[in-house]
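A short worksheet on the structure shown next.
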Amino acid sequence: MSPALPALRHYLQFSDLSAAEYAYLFERTAVIKRKFKAYEKHQPLADRTLAMIFEKASTRTRVSFEAGMYQLGGSVVHLTTGDSQLGRAEPIEDSAKVISRMVDLVMIRTYEQTKIDRFAQHSRVPVINGLTNEFHPCQILADLFTFIEHRGSIAGKTVAWVGDGNNMANTWLQAAELLGFTVHLSTPSGYEVDQSVAGIRSGQSYKVFADPMQACEGADLVTTDVWTSMGFEAENEARKKAFANWCVSTEMMAAAQPDALFMHCLPAHRGEEVAADVIDGPQSVVWDEAENRLHVQKALMEFLLLGRL
Ligand code: CP
C-alpha cells in the first residue's frame, strides 16, 4: 500500500501557510540544518523529482533548490524559457498538466504572479514560488529564520524596509500581518507599496515614512533590495535618480537599535542601495541569510511532499 500523501498544497505567496505551520517549519529547518552541518544523511525525498523553471536569472535560488533536493535524496530537472517549449508559447496550462505528471514538485521563477497562479491551478503537484514580480516568499522564509537564529522570535519587533516597494516589500508585509511584527516602509515617491498588490488585510502591521532615516529609528532589522528588480531594467536610469537617498548607510544603522541586524536578499550593489561599510560590517548577516535559503527550502519541500514528520 502506498503511504498517505498530504493534501495538495502550493507555496505561491507567504500567506499560503499559517503561523502555526511557520513555527513548525522554523523548528524543522533547525533540525535539517544541524544534520547538514554534521554531514548526517537526511534523505526523506528519495525517488522524488523537483522541476525548476527559470524565466529570470538566479544564483541563490537555483543552487539552494538544486543542492537541497539532491541532499534530500531526490533529483532535479532544470528548465529555462530558452531551452524548453515554455519560450515558444506553449500555454502555461498545458505545460503545468504535462510537467506535473512527470515530477513530484515544481519551483517556478517568473514575471507576473498570475502566471504561477495559472500553473498551480493546473498542476497535480505542489508548486513553489521562486520569485515573481509581486512576491518572494522563499527569501522571506530564509530572512525570518535568520532573524530567529540571531535574535529569537520576531513577534513584536520592527523591520525597516528602505527602498523599492517591490516583491520583497510586499512579502515582508504579508509576513508581518501573519507573524505579528511591524514594518517601517520608506520608499521614494512613485515606488510605494500597493496594499492591494501586497495582498494584506489591513494597514495595521506597517507604517510609512518619507524619510528613510526615520524608518530606521528603533528598528530591530534594517533591510533593502536593489533599486531595479529583474524585469524593470528599462527604468534603471530614472530609478538611480529617484532612489539616491535610499542607500542604507552607517548613519541609518546607528538610528536603529544598537543590536539591529542588516539583511539584503542579494545580489547587492554596494554604493547604491547599501553602503559597503554596512553590508560588509558587523551588523550584516547577509551570508547566513543566503545560506539559510538552502535549509528553509529543504524544510519547505519536505513539508509540502510529506507533511509534518
Ligand atoms: N535572492 C535571490 O533570490 O537570489 P537569486 O536571484 O540569485 O536567486
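Hydrogens, waters and symmetry mates play no part in the numbers below; they use all other heavy atoms, side chains included. Note that ligands are numbered from 1 as they come in the structure, with each ligand's atoms numbered from 1 the same way.
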Using a threshold of 4.0 angstrom between heavy atoms of the protein and any atom of ligand 1, which residues qualify? S58, T59, R60, T61, R109, H136, Q139, C265, L266, R293

Hydrophobic cluster partners of [X] (side-chain heavy atoms under 4.5 Å):
X	answer
F135	none
I32	none
L131	M230

Indicate yes or no: does E55 engage K115 in a salt bridge with an N to O separation below 4.0 Å. yes

Charged N to carboxylate O below 4.0 Å: is that the case for E21 and R308? no

Parallel, tilted or perpendicular: ring planes of H184 versus F209, cut at 30 and 60 degrees: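 Tilted, since the angle between the ring planes falls between 30° and 60°.
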
